Engineer: 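Next up is a structure, given as C-alpha cells.
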Number of protein chains: 2
Amino acid sequence: MSNIREVARLAEVSVATVSRTLQQPDLVSLKTRNKVLAAVKAAGYKPNLMAVRFRSGKTHNLVVLVPTVANVFFARVISGMQEAAHEKQYALLLGNTLGDDEMEAAYARMVQTSQADGLIQLRAHNPFDALQQPDSADDNPALLPMVNACEVLDKAPCPTVVLDNRAAASAMTEHLLALGHRRIAMIKGPARSPLTRDRVAGYRDALQAAGVSFAAELLSPGNFSLQSGFDAAGDLLALPNPPTAIFCENDEMAIGAIQRIKQSGLRVPADISVAGFDDISFAAFADPPLTTIAQPAEEFGRTAVRLLIDTLEGRLSKAPKVILPFELITRASTGPAPAAVPTPND
Amino acid sequence: MSNIREVARLAEVSVATVSRTLQQPDLVSLKTRNKVLAAVKAAGYKPNLMAVRFRSGKTHNLVVLVPTVANVFFARVISGMQEAAHEKQYALLLGNTLGDDEMEAAYARMVQTSQADGLIQLRAHNPFDALQQPDSADDNPALLPMVNACEVLDKAPCPTVVLDNRAAASAMTEHLLALGHRRIAMIKGPARSPLTRDRVAGYRDALQAAGVSFAAELLSPGNFSLQSGFDAAGDLLALPNPPTAIFCENDEMAIGAIQRIKQSGLRVPADISVAGFDDISFAAFADPPLTTIAQPAEEFGRTAVRLLIDTLEGRLSKAPKVILPFELITRASTGPAPAAVPTPND
DNA sequence: CGGCAAAATGTAATCCGTTACATTTTTTAA
DNA sequence: TTAAAAAATGTAACGGATTACATTTTGCCG
C-alpha cells in the first residue's frame, strides 16, 4: 500500500504539503493541490488510519457491552447505536459478555489500552471496577469514558439512559387492575438487577394504590428467556389460588407464559391475562397479540452513543441522566378478569 | 498514561529490555525481569495497542457485515462469531448495513484503510466490488481478506460457509409431500438472493421427484419479516385454490403466516400446515410449535471467523467451501393434508 | 525596484513499541 | 588464566501521518 511519502515523491512536493492538501486544502495553492490530488489518485493512496489514530490517540472505536446480542430487544438497541455511530464516523466493537464480569473487564481493558475511546454498558455493572482506575488523582473526578443504558447503576459515574421502569410497571399493573384483576402475578428478572427491582416497585406501587395486598408467592423469578417464562407460568398455575393475570418483565417470557397457559387448557385472556414488556416485533404476532410496554429501543442506542461521543469529545461537564418515554400498548392478551379461575387440567 | 520509556526509566534499563520482558521473558535475566515488572506495576503501565498495531500493521479487528442485527438468526450467528473472535484475541466491528451497497462499501473501506484486517459478509455481495481492488497484479490472484457466510456468492473470491439450502428445502418439501400435501406453497425471500434461488430449487426438486407439478402462483415473495409472512399468507389464502401447506423460508415469516391463517378462521395444521426455516428460539414456542429446519447458527459464526483468521494469517492457500449440516425438526405445525380446504371466512 | 507582509512549502520532531544490530557481561572450555 | 561462545542488555531505526517551526516564494505598495 502506498504511503504519503510515495505520493509526495510523485507530486514532487513534501509530505507536509500532501497532508495539508488532504486535511486543510485552503492552505495549499490550487496548482499544487491539483498536482497532489493527481498523485494521490495515481498512487491509489489511502491514508493509513492506524497511523492517524496512533498519532492522534483517538481510535474512533466504541466498545458495546451487551449481555447477549441474541436478545431481540438488545438487538434493536444495537441497531440504533450503529446508526448514530456511523453518522458520527465511529465504529462499534461488539462485546457479547453473557453477563460475565471477567469478560466485561476484558473488554473494558480495550479502552485502557487505546483500542477504543469509550464504552457503552447495557447492564448495571461498572466494568472498570476490577481494573485500575484512570488516574482519578486528576483535578476533577473525571467522568469515566462510559455510558450506562437500559439497566443502570444507582450511582453511575457516567451519563445514563433509562426508562422510568417503575412508572411503566405501575402503568401496566394499573391497566390490569382496571380490568378487574386482583390476583396479579409478576414474572420478574434476576433478583439483583436494579431493573427488576424498579419494576417490582412499580408493580407494588400500583397494587398499594388500589388497596390490593401484595402476595409474595405471585412473584416468580425468570431470566428473560422464553423457557423461563414458560416454567414460571407453570409454577404460578400450580398455586392453590392461581393468578388471573400475569405481568412479565419482557415479551419473551410473556410468550413463553402464554404457551404454558394454553398447554394447561386455559385461554388467554378469557381465563388468564398476560402482559409483556418491550414490544418486540414478535409481540404483535403472538397469539393472542401481546399487551405490552413499548420501549424506544433504537432510541436507547442512539442516545447512548451520542452521549458517549459528547463525553469523549469533552462537551459534557456533568453526567446527564436521560429518561426515555414508554407507551402502554393494549392488545388482545389482556382482558377482563374472569369470575373464577377454572382449575388447570394438565 | 505512562509509556514504555517511563517504565524503562523507573527500572533503570533500556526500553528494549522492557519490551522483551513483556514479549519474550526468557531473553531477560530473572533479576532484571523482576525489576521491570515492578516498574510496570508502579507506573500502571499498559502497552498502547494502537502503537503496537500500527507498527505490526495488524489491527486484530474484523468487520462483520450483516443485513440486520435485529434478525434473530443473524444475532445468533454474531454470537458465535464473537465467541470465536474473543478466543483468538480478535475484536468484531459491527456493520449493520441494511443491505445497502453504499454502506457495505463504507465498511469494506475500513479494511483498505487498515482499520480492520478482514471482513465477514453475510450476504451474497462483494463489498469490495465498488472499491479499488487490492493489487491483483500480484503473483497469485490473492484471496480477498474476506469470508462469505450464510448467503454466499456463486463465485465467491474467498472462503465460504453455507448450508446446503437446496437439500434442506427439498427435505422439508418431502416431509410435506409425505404428509399427503400436494398443493404446497412457498413464501420465499427476495428474488435475486442465491439463498432463495437455492431453496426454491430444492422445493422444485422434491415436487418433481414426487410427480407434483409446480404452480407459479404458489410462490409468494416475502422479505423475511413477520409482517411479510403475514401478508404473503393472506395472498395465498385468497387464491381460488389455496394451498394445504405453506413452507416459509424463515421462521419469522412462518409465525406471521400462522397468525394470518388463524385470523381467517382456519386451523394449523388441521386445515393448513406451516413450516419454517432456521429454528429460532421462538419456533418452539409458537402456537402450534413450528416444524422447521434447524441451522447451526452459532457454528456459522464460529466457522466464518476461524476461516477468516486462517486466511489473514496465511494458513490457507485455497478458498475452502464449508458446508454445515441442517436438521429437520418436526413439531406440531405440520400435519396430514386435509381432505379439502375449507373456504376462509374473513 | 526595494522591501515587507502574506501565502506557500519544506524540514524535522513526534506519537510508542518493536527489533535488527551493536555492545557489554557472563559462562564455558581449554 | 584466557579465548571463545553464549547470554544479557543497550542503541537507534522504523512504521505513517501530523504539525510546529523554519524557509522560500509570491504579491503588493510605495
Side-chain angles (χ1 to χ4, degrees), chain A residues 1-40 43-61 89 109-117, chain B residues 1-41 43-61 89 109-117 134:
Chain A
M1 188 58 111
S2 62
N3 61 23
I4 199 170
R5 271 160 252 273
E6 166 89 356
V7 175
R9 202 175 48 69
L10 273 175
E12 300 177 295
V13 298
S14 70
V15 292
T17 301
V18 176
S19 179
R20 277 190 288 253
T21 302
L22 300 171
Q23 305 302 325
Q24 317 163 62
D26 34 333
L27 292 187
V28 180
S29 73
L30 187 60
K31 212 176 73 181
T32 313
R33 211 187 306 167
N34 289 334
K35 219 169 34 171
V36 171
L37 292 177
V40 164
Y45 171 67
K46 300 252 188 301
N48 180 329
L49 284 185
M50 282 303 285
V52 173
R53 291 170 178 192
F54 161 53
R55 188 168 204 288
S56 72
K58 300 290 168 202
T59 63
H60 270 232
N61 286 337
Q89 315 261 47
R109 214 167 289 126
M110 298 180 76
V111 175
Q112 302 194 313
T113 56
S114 315
Q115 278 183 87
D117 298 338
Chain B
M1 189 57 110
S2 62
N3 61 24
I4 199 171
R5 273 159 246 272
E6 165 91 353
V7 175
R9 201 174 47 72
L10 272 175
E12 301 177 296
V13 297
S14 71
V15 292
T17 301
V18 177
S19 179
R20 276 190 288 253
T21 303
L22 300 171
Q23 304 302 324
Q24 316 163 65
D26 35 331
L27 291 186
V28 179
S29 74
L30 186 60
K31 212 176 69 179
T32 312
R33 212 187 304 167
N34 289 333
K35 218 168 36 168
V36 170
L37 291 177
V40 164
K41 184 169 282 180
Y45 171 67
K46 299 254 186 300
N48 178 330
L49 284 185
M50 281 304 284
V52 174
R53 291 171 177 190
F54 161 55
R55 188 166 203 287
S56 72
K58 300 291 169 202
T59 63
H60 269 231
N61 286 338
Q89 315 260 47
R109 212 167 291 127
M110 297 180 77
V111 175
Q112 302 195 313
T113 57
S114 316
Q115 279 183 87
D117 298 338

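All figures in this text were calculated on a predicted structure; none of them were measured in a lab. Below, read A as the first sequence line, B as the second, and so on, with proteins coming before strands; counting in each chain starts at 1.
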Engineer: When you measure from every atom of DNA chain C, which of residues 50-59 of chain A have a heavy atom less than 4.0 Å away?
Structural biologist: Phe54(A), Arg55(A)
Engineer: Thr17(B): what forms a side chain to side chain donor-acceptor pair (under 3.5 Å) with it, not counting sequence neighbours?
Structural biologist: Ser14(B)
Engineer: Indicate the atoms forming the closest heavy-atom contact of Gln89(B) with His60(B), along with that distance.
Structural biologist: O-ND1, 3.0 Å
Engineer: Write down the distance between CD (Gln23(B)) and P (dG17(C)), rounded to a whole number of angstrom.
Structural biologist: 10 Å
Engineer: Whole-Å distance between dT19(D) C1' and Leu22(A) CG?
Structural biologist: 14 Å
Engineer: Give the rounded distance in Å between these two atoms: CD of Gln24(A) and P of dT19(D).
Structural biologist: 7 Å
Engineer: Checking Ser29(A) now: which residues fulfil side chain to side chain donor-acceptor pair (under 3.5 Å) with it, not counting sequence neighbours?
Structural biologist: Thr32(A)
Engineer: With Arg20(A), which residues qualify under side chain to side chain donor-acceptor pair (under 3.5 Å), at least two apart?
Structural biologist: none
Engineer: Under 3.5 Å, is there a donor-acceptor pair between the side chain of Ser19(A) and the main chain of Val15(A)?
Structural biologist: no
Engineer: Name the residue from Arg53(A), Arg55(A), Lys58(A), Gln115(A) that meets the side chain to side chain contact (heavy atoms under 4.5 Å, CB included) definition with Met50(B).
Structural biologist: Arg53(A)
Engineer: Mind jotting down which residue pairs meet the side chain to side chain donor-acceptor pair (under 3.5 Å) criterion with at least one end in residues 1-13 of chain B? Sequence neighbours excluded, please.
Structural biologist: Glu6(B)-Arg9(B)
Engineer: Could you grab the distance from atom CE of Met110(A) to atom CG of Asn61(A), nearest 0.5 Å is fine?
Structural biologist: 7.5 Å
Engineer: For the helix from dC1(C)-dG30(D) to dA30(C)-dT1(D), figure out the bend between the end axes, five pairs an end, and round to 10 degrees.
Structural biologist: 50°
Engineer: At their closest point, which heavy atom of Leu22(A) faces which heavy atom of Tyr45(A), and how far apart are they?
Structural biologist: CD1-CE2, 3.6 Å
Engineer: May I ask you to verify if any side-chain N or O of Asn48(A) is less than 4.0 angstrom from the OP1 or OP2 atom of dA17(D)?
Structural biologist: no
Engineer: Would you list the protein and nucleotides 5-11 of chain C atom pairs, both N or O, that sit under 3.5 Å from each other?
Structural biologist:
residue: dT9(C); atom: OP1; partner: Ser29(A); partner atom: OG; Å: 3.1
residue: dT9(C); atom: OP1; partner: Thr32(A); partner atom: OG1; Å: 2.0
residue: dT9(C); atom: OP2; partner: Ser29(A); partner atom: N; Å: 3.1
residue: dT9(C); atom: OP2; partner: Ser29(A); partner atom: OG; Å: 3.4
residue: dT9(C); atom: OP2; partner: Thr32(A); partner atom: OG1; Å: 3.1
residue: dG10(C); atom: OP2; partner: Ser14(A); partner atom: N; Å: 2.7
residue: dG10(C); atom: OP2; partner: Ser14(A); partner atom: OG; Å: 3.1
residue: dG10(C); atom: OP2; partner: Thr17(A); partner atom: OG1; Å: 2.7
residue: dG10(C); atom: N7; partner: Arg20(A); partner atom: NH2; Å: 2.8
residue: dG10(C); atom: O6; partner: Arg20(A); partner atom: NH1; Å: 3.2

Engineer: Near DNA chain D, which residues from residues 4-11 of chain A have a heavy atom under 4.0 Å away?
Structural biologist: Ile4(A), Arg5(A)
Engineer: Please identify which of these residues, Val7(A), Val18(A), Thr21(A), meets the side chain to side chain contact (heavy atoms under 4.5 Å, CB included) condition with Leu37(A).
Structural biologist: Thr21(A)
Engineer: Can you see which heavy atom on Ala11(B) is nearest to which on Val36(B), and at what distance?
Structural biologist: CB-CA, 4.0 Å
Engineer: In whole angstroms, how far is the P atom of dG15(D) from the CG atom of Leu49(A)?
Structural biologist: 19 Å
Engineer: Which residues satisfy the side chain to side chain donor-acceptor pair (under 3.5 Å) test with Thr59(B), sequence neighbours excluded?
Structural biologist: Asp117(B)
Engineer: Taking only N and O in the side chain of Tyr45(B), is any of them less than 4.0 Å away from OP1 or OP2 of dC16(C)?
Structural biologist: no
